[in-house]
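Structure record follows, encoded as structure tokens.
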Amino acid sequence: MSKFDFYQQLNAQISAVICDESDTIANMANISALLFEHLPDINWAGFYRKQGQELVLGPFQGQVACIRIALDKGVCGAAATSKQTQRIADVHQFDGHIACDARTNSELVIPVIYAGEVIAVLDIDSTHFERFDEDDQKGLEATVALLVKNMK
């Protein structure tokens, strides 16, 4: 199966699970669970919610994580402040990387933008270097779009 087809199927499943639920936290929880279950070679999948000038741990699957991240720190902070997806092939080369799990080697972080403002980020980590490519980025940006579509 191509990655395009994989993400089409995964996002159809996510849509079916969250389509009738308006609670964002509940939807983040189910999205995290589905991503962790279905994405190969990842060690963490979840959300950080923006609260003031920091990101606070939200629903996730994986090892215990950093609870608070300043907006000017790490890959998550970069995604939140730039409003741009961050696809990092080697996190050890990213200036200011926060090592919540020392096993993580690559990371993909997508801002969740609602009404023009970043309200959260979706963070996916892998122990493999260069785990994420453009197809992963597009597929997971579509996942975030499904979450935003269900916000009321």
Side-chain angles (χ1 to χ4, degrees), residues 1-51 54-69 73-80 82-92 94 97-114 118-152:
M1 173 185 311
S2 73
K3 274 194 180 180
F4 176 82
D5 291 336
F6 168 80
Y7 281 107
Q8 290 285 93
Q9 277 189 332
L10 179 60
N11 283 328
Q13 185 177 5
I14 288 170
S15 182
V17 169
I18 70 171
C19 70
D20 292 327
E21 181 52 61
S22 62
D23 186 282
T24 302
I25 301 296
N27 286 338
M28 287 177 172
N30 274 328
I31 289 169
S32 298
L34 286 165
L35 294 178
F36 196 75
E37 179 180 345
H38 293 290
L39 287 176
D41 302 319
I42 66 166
N43 60 314
W44 202 90
F47 292 87
Y48 279 91
R49 299 175 302 116
K50 185 173 180 241
Q51 294 185 354
E54 61 187 357
L55 297 167
V56 178
L57 183 63
F60 74 95
Q61 298 285 310
Q63 296 291 320
V64 170
C66 300
I67 295 174
R68 295 180 183 273
I69 299 173
K73 302 288 184 203
V75 180
C76 289
S82 70
K83 295 184 177 181
Q84 300 281 325
T85 296
Q86 303 291 306
R87 189 174 77 226
I88 310 300
D90 179 354
V91 296
H92 309 290
F94 187 89
H97 169 66
I98 301 167
C100 295
D101 183 343
R103 300 172 304 147
T104 295
N105 289 313
S106 64
E107 189 168 4
L108 181 65
V109 181
I110 302 163
V112 179
I113 301 171
Y114 180 74
V118 172
I119 62 154
V121 296
L122 170 61
D123 182 15
I124 312 289
D125 296 350
S126 176
T127 58
H128 296 267
F129 290 98
E130 299 181 19
R131 161 59 182 87
F132 306 102
D133 61 19
E134 188 174 341
D135 292 330
D136 295 302
Q137 180 175 335
K138 288 178 181 176
L140 291 163
E141 286 173 341
T143 302
V144 168
L146 289 171
L147 174 66
V148 172
K149 180 180 173 185
N150 271 341
M151 291 181 187
K152 294 185 169 76

Test side chain to side chain contact (heavy atoms under 4.5 Å, CB included) applied to Val121 and Phe47, step by step: CA-CA 6 Å; Val121 296; Phe47 292 87; over 6 Å; no
Trace of the side chain to side chain contact (heavy atoms under 4.5 Å, CB included) decision for Phe132 with Ile124: CA-CA 9 Å; Phe132 306 102; Ile124 312 289; 3.6 Å; yes
Residues Leu35, Leu122; criterion side chain to side chain contact (heavy atoms under 4.5 Å, CB included); working and verdict: CA-CA 11 Å; Leu35 294 178; Leu122 170 61; 4.0 Å; yes
Audit row: Arg103, Gln63, side chain to side chain contact (heavy atoms under 4.5 Å, CB included) steps and yes/no: CA-CA 11 Å; Arg103 300 172 304 147; Gln63 296 291 320; 3.2 Å; yes
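Within the 4.5 Å cutoff, the side chain of Glu107 has no heavy atoms near those of the Arg87 side chain. Counting heavy atoms from C-beta outward, Leu34 and Ile31 have side chains that stay 4.5 Å or more apart. With contacts defined as side-chain heavy-atom distances shorter than 4.5 Å, the pair Glu54/Ile69 does not qualify. When side chains are defined from C-beta on, Leu39 counts as touching Leu140, because their heavy atoms get closer than 4.5 Å. By the 4.5 Å heavy-atom criterion applied to side chains, Arg49 and Val112 are not counted as neighbours. With contacts defined as side-chain heavy-atom distances shorter than 4.5 Å, the pair Ile42/Phe36 qualifies.
Of all non-hydrogen atoms in Phe129 and Asp90, the two that sit nearest each other are CE2-OD1, 3.3 Å. Pro111 approaches Val144 most closely through the heavy-atom pair O-CG1, 3.7 Å. Taking each heavy atom of Tyr48 and Ala65 in turn, the nearest pair found is OH-CB, 3.6 Å. Listed here is the closest heavy atom pair of Asn11 and Gly139: ND2-O, 3.0 Å. Residues Met1 and Gln9 come closest through the heavy atom pair CE-OE1, 2.9 Å. In plain terms, the two heavy atoms of Gln86 and Phe94 that are nearest each other are OE1-CE1, 4.2 Å.
Note that OG1 of Thr143 and OH of Tyr7 are 7.5 Å apart. Values are rounded to the nearest 0.5 Å. Here the OG-NE2 distance, from Ser106 to His92, works out to 9.0 Å after rounding to the nearest 0.5 Å. The CG atom of Leu147 sits 11.0 Å away from atom CD1 of Ile110, with the distance rounded to the nearest 0.5 Å. One finds the CG atom of Leu55 at 11.0 Å from the SG atom of Cys66 (value rounded to the nearest 0.5 Å). Annotation: the span from Asn150 atom CG to Asp23 atom CG amounts to 11.0 Å, rounded to 0.5 Å. Taken to the nearest 0.5 Å, the CG atom of Asp136 stands 7.0 Å off from the CG atom of Leu108.
Using modelled atom types and a 3.5 Å distance limit, the side chains of Glu141 and Thr85 yield a donor-acceptor pair. Judged purely by distance below 3.5 Å, without hydrogens or angles, the side chains of Asn43 and Thr104 pair a donor atom with an acceptor atom. Side-chain contact of Asn105 with His128: a donor-acceptor pair under 3.5 Å is absent, judged by distance alone. Checked by atom type, the side-chain pair Asn27/Thr24 shows no donor-acceptor distance below 3.5 Å.
Using modelled atom types, one side-chain atom of Ser32 and one backbone atom of Pro59 make a donor-acceptor pair closer than 3.5 Å. A donor-acceptor contact shorter than 3.5 Å is absent between the side chain of Trp44 and the backbone of Ser126.
Atom CG of Asp20 is surrounded by 12 or fewer heavy atoms from other residues, nucleotides or ligands within 6.0 Å. Around the NZ atom of Lys138, the shell of radius 6.0 Å holds no more than 12 heavy atoms that belong to other residues, nucleotides or ligands. The environment of CD in Glu21 is crowded: more than 12 heavy-atom neighbours from other residues, nucleotides or ligands sit within 6.0 Å. The local environment of CZ in Phe4 is sparse, with at most 12 non-hydrogen atoms from other residues, nucleotides or ligands closer than 6.0 Å. Residue Ile67 qualifies as open at atom CD1: its count of foreign heavy atoms under 6.0 Å is 12 or below.
Under the side-chain contact (heavy atoms from CB on, under 4.5 Å) criterion, Asn30 pairs with Val17, sequence neighbours left out.
Salt bridge annotation for Arg131-Asp125: absent, with no cationic side-chain nitrogen under 4.0 angstrom from a carboxylate oxygen.
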